[in-house]
Amino acid sequence: MSMLSNRIIISRSGAIDYIQFDNLIGSPIKVAKKMLSKDLLTRWSTASGRSLVGMTLEELLRDIGEEDDISQQFSDIDLQWRPSSATTVADVKEVVITGDYREQPISLSKTI
C-alpha cells in the first residue's frame, strides 16, 4: 500500500485493486471516468502544448505534472477523444476510456 497526502494505492501482485485520489475512489478505470473532465483536458492542453490525439491517462497526468508513481498506475487506461475529428479541446464532446476491470477489458464513455 502506498499513501501520500491525498492518495492511497493498494497493489496486490503487481495489479492495482483500489485507488483513492482526493475524493475519487475505485479501480483505475473507474477513477479515470470520474476524474476526466473538460477542465482537466484544458489544463493538459495548456501545460503540454501537444496535439489532441489518443493517449493514455498516464501520459495526460504526467504532462500536467503529476508524480510518476501516481501517473504510472494509469498506464493501461487508453483515452480516445470524440468526435475523432476534434482538433481542439473545445471540439471534444466525449471521451472513450478503455482498460481492464476485474481482469476483463472494458470501454466506458463519458460526455465532457
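- Residues forming a side chain to side chain contact (heavy atoms under 4.5 Å, CB included) with T87 (at least two apart in sequence, or on another chain): D91.
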Side chains of residues 99-110: which donor-acceptor pairs under 3.5 Å do they make with residues two or more places apart or in other chains?
residue: Y101; atom: OH; partner: K30; partner atom: NZ; Å: 3.2
residue: S107; atom: OG; partner: T98; partner atom: OG1; Å: 3.1
residue: S109; atom: OG; partner: E94; partner atom: OE2; Å: 3.3
residue: K110; atom: NZ; partner: K33; partner atom: O; Å: 2.7
residue: K110; atom: NZ; partner: K34; partner atom: O; Å: 3.4
residue: K110; atom: NZ; partner: L36; partner atom: O; Å: 2.6

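- To the nearest 0.5 Å, the span separating CD1 on I77 from CE on M35 amounts to 9.5 Å.
- The side-chain heavy atoms of Q72 and L61, taken from C-beta on, include no pair separated by under 4.5 Å.
- Results of the side chain to side chain contact (heavy atoms under 4.5 Å, CB included) test with W81 over V96, V53, V92 single out V92 as the only residue that passes.
- Considering only residues two or more places apart in sequence or on other chains, K93 meets the side chain to side chain contact (heavy atoms under 4.5 Å, CB included) condition with P83.
- Put simply, CD on Q73 and CD on E67 are 12.0 Å apart, with the number rounded to the nearest 0.5 Å.
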Kindly indicate, with the supporting measurements, whether the criterion side chain to side chain contact (heavy atoms under 4.5 Å, CB included) is fulfilled by T88 and L52.
CA-CA 6 Å; T88 67; L52 190 61; 5.9 Å; no
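- Residues that satisfy the side chain to side chain contact (heavy atoms under 4.5 Å, CB included) test with D68, not counting sequence neighbours, are R62, S71.
- Here T111 contributes atom OG1 and R82 contributes atom CZ; the two are 12.5 Å apart, rounded to the nearest 0.5 Å.
- The shortest distance between side-chain heavy atoms of L40 and I64 falls below 4.5 Å.
- A 6.0 Å sphere centred on CZ of R43 holds no more than 12 heavy atoms belonging to other residues, nucleotides or ligands.
- Not counting sequence neighbours, S84 has no partner by the side-chain hydrogen bond (donor to acceptor under 3.5 Å, both in side chains) test.
- Of the options V31, T56, L60, L79, a side chain to side chain contact (heavy atoms under 4.5 Å, CB included) to F74 is made by V31 and by none of the others.
- Take R50 and apply the side-chain hydrogen bond (donor to acceptor under 3.5 Å, both in side chains) test, not counting sequence neighbours, and it matches D63.
- T46 contributes a side-chain N or O that, together with a main-chain N or O of T42, makes up a donor-acceptor pair within less than 3.5 Å.
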